[in-house]
K.L.:
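Have a look at this one.
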Amino acid sequence: MAELVATSTAAVVAAEAAAIVIVKALNWFKVHSKQYWYRLQRWWGGKAKEIMIWSAYKEGRDIIMKEKRHLHHDLKLLLIQDLRTDFRLKYPAYEKMFN
């Protein structure tokens, strides 16, 4: 009977320790996983994806700068900032390109 109590107590302690480890691991993963996921996306897409995103950004920027010549300079600046924000949200793995 004493062995059964000791065994069940050890099992409870082991289960609590495992639960603590799992919770800490999940918390670490929640905090740090995004940067690794973005790194994986940049690796998977490669230089071609980066060039495609940058070309789309440049095309939008050129439209603002060339075709909207009649707009005030401050308004153009706001439009470009808005474009950068859109690209940061659309491509979070490449957000450093749009600082």
Side-chain angles (χ1 to χ4, degrees):
M1 184 75 162
E3 289 179 16
L4 183 60
V5 171
T7 305
S8 64
T9 304
V12 169
V13 170
E16 288 176 353
I20 290 171
V21 168
I22 289 171
V23 168
K24 288 189 181 228
L26 288 175
N27 189 34
W28 180 90
F29 190 71
K30 177 183 164 188
V31 171
H32 298 287
S33 65
K34 191 179 287 187
Q35 67 182 351
Y36 296 115
W37 174 246
Y38 290 160
R39 187 181 299 168
L40 180 66
Q41 284 182 315
R42 286 191 301 268
W43 173 79
W44 188 265
K47 197 69 171 170
K49 176 88 173 187
E50 185 176 323
I51 291 170
M52 187 266 311
I53 293 169
W54 186 250
S55 296
Y57 169 75
K58 284 194 321 185
E59 181 180 323
R61 185 190 64 197
D62 289 346
I63 289 171
I64 292 170
M65 294 306 289
K66 291 179 182 172
E67 295 181 10
K68 310 269 187 203
R69 291 178 191 222
H70 63 281
L71 294 178
H72 191 269
H73 179 70
D74 292 338
L75 184 56
K76 287 182 187 179
L77 179 63
L78 287 173
L79 289 173
I80 288 176
Q81 288 173 345
D82 190 45
L83 180 68
R84 288 179 183 163
T85 302
D86 289 345
F87 271 82
R88 272 190 230 115
L89 294 174
K90 191 173 180 181
Y91 303 105
Y94 298 92
E95 70 182 356
K96 293 182 180 177
M97 291 171 40
F98 308 106
N99 287 334

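None of the values given here were measured: they were computed from a predicted structure.
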K.L.:
State yes or no: do W54 and M52 share one hydrophobic cluster built from I, L, V, M, F, W and Y residues joined by side-chain heavy-atom distances below 4.5 Å, directly or via other members?
P.N.:
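Yes: a chain of side-chain contacts under 4.5 Å links W54 to M52.
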
K.L.:
Measure the CG-OG distance between L40 and S33 for me, rounded to the nearest 0.5 Å.
P.N.:
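So the CG of L40 and the OG of S33 are separated by 11.5 Å.
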
K.L.:
Between W37 and W44, is there shared hydrophobic-cluster membership here, with clusters defined by ILVMFWY side-chain heavy atoms closer than 4.5 Å?
P.N.:
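In one cluster: yes.
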
K.L.:
Quick one: closest heavy-atom pair of M65 and K76, and the distance?
P.N.:
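Here M65 and K76 meet closest at O-NZ, 3.7 Å.
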
K.L.:
Is there a path from I51 to L83 through hydrophobic residues (I, L, V, M, F, W, Y) whose side chains come within less than 4.5 Å of each other?
P.N.:
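In one cluster: no.
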
K.L.:
Could you report the tightest heavy-atom contact between L79 and L71, atom names first, then the distance?
P.N.:
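Heavy atoms only, the tightest pair is CD1-CD1, 3.8 Å.
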
K.L.:
Tell me whether H32 at atom NE2 has more than 12 heavy atoms from other residues, nucleotides or ligands lying less than 6.0 Å away.
P.N.:
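Enclosed: over 12 neighbouring heavy atoms sit under 6.0 Å from NE2 of H32.
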
K.L.:
Once the angle between the rings of F87 and Y57 is folded into 0 to 90°, is it parallel (under 30°), tilted (30 to 60°) or perpendicular (over 60°)?
P.N.:
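Perpendicular.
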
K.L.:
May I have the step-by-step check of side-chain contact (heavy atoms from CB on, under 4.5 Å) for K90 and I53, ending in yes or no?
P.N.:
CA-CA 10 Å; K90 191 173 180 181; I53 293 169; over 6 Å; no

K.L.:
Is a side-chain donor or acceptor of R42 paired with a backbone partner of A93 at a separation under 3.5 angstrom?
P.N.:
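Yes.
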
K.L.:
Is I80 linked to I63 within one hydrophobic cluster, defined over Ile, Leu, Val, Met, Phe, Trp and Tyr using a side-chain heavy-atom separation of less than 4.5 Å?
P.N.:
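No, because I80 and I63 fall into different hydrophobic clusters, even though each may have its own neighbours under 4.5 Å.
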
K.L.:
When hydrophobic residues are tied together by side-chain contacts of less than 4.5 Å, even through go-betweens, does L78 share a cluster with I64?
P.N.:
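They do not share one cluster, since no chain of ILVMFWY contacts under 4.5 Å joins L78 to I64.
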
K.L.:
For the residue pair Y94 and Y91, categorise the inter-ring angle as parallel (less than 30°), tilted (30 to 60°) or perpendicular (more than 60°).
P.N.:
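Aromatic pair Y94/Y91 classed perpendicular.
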
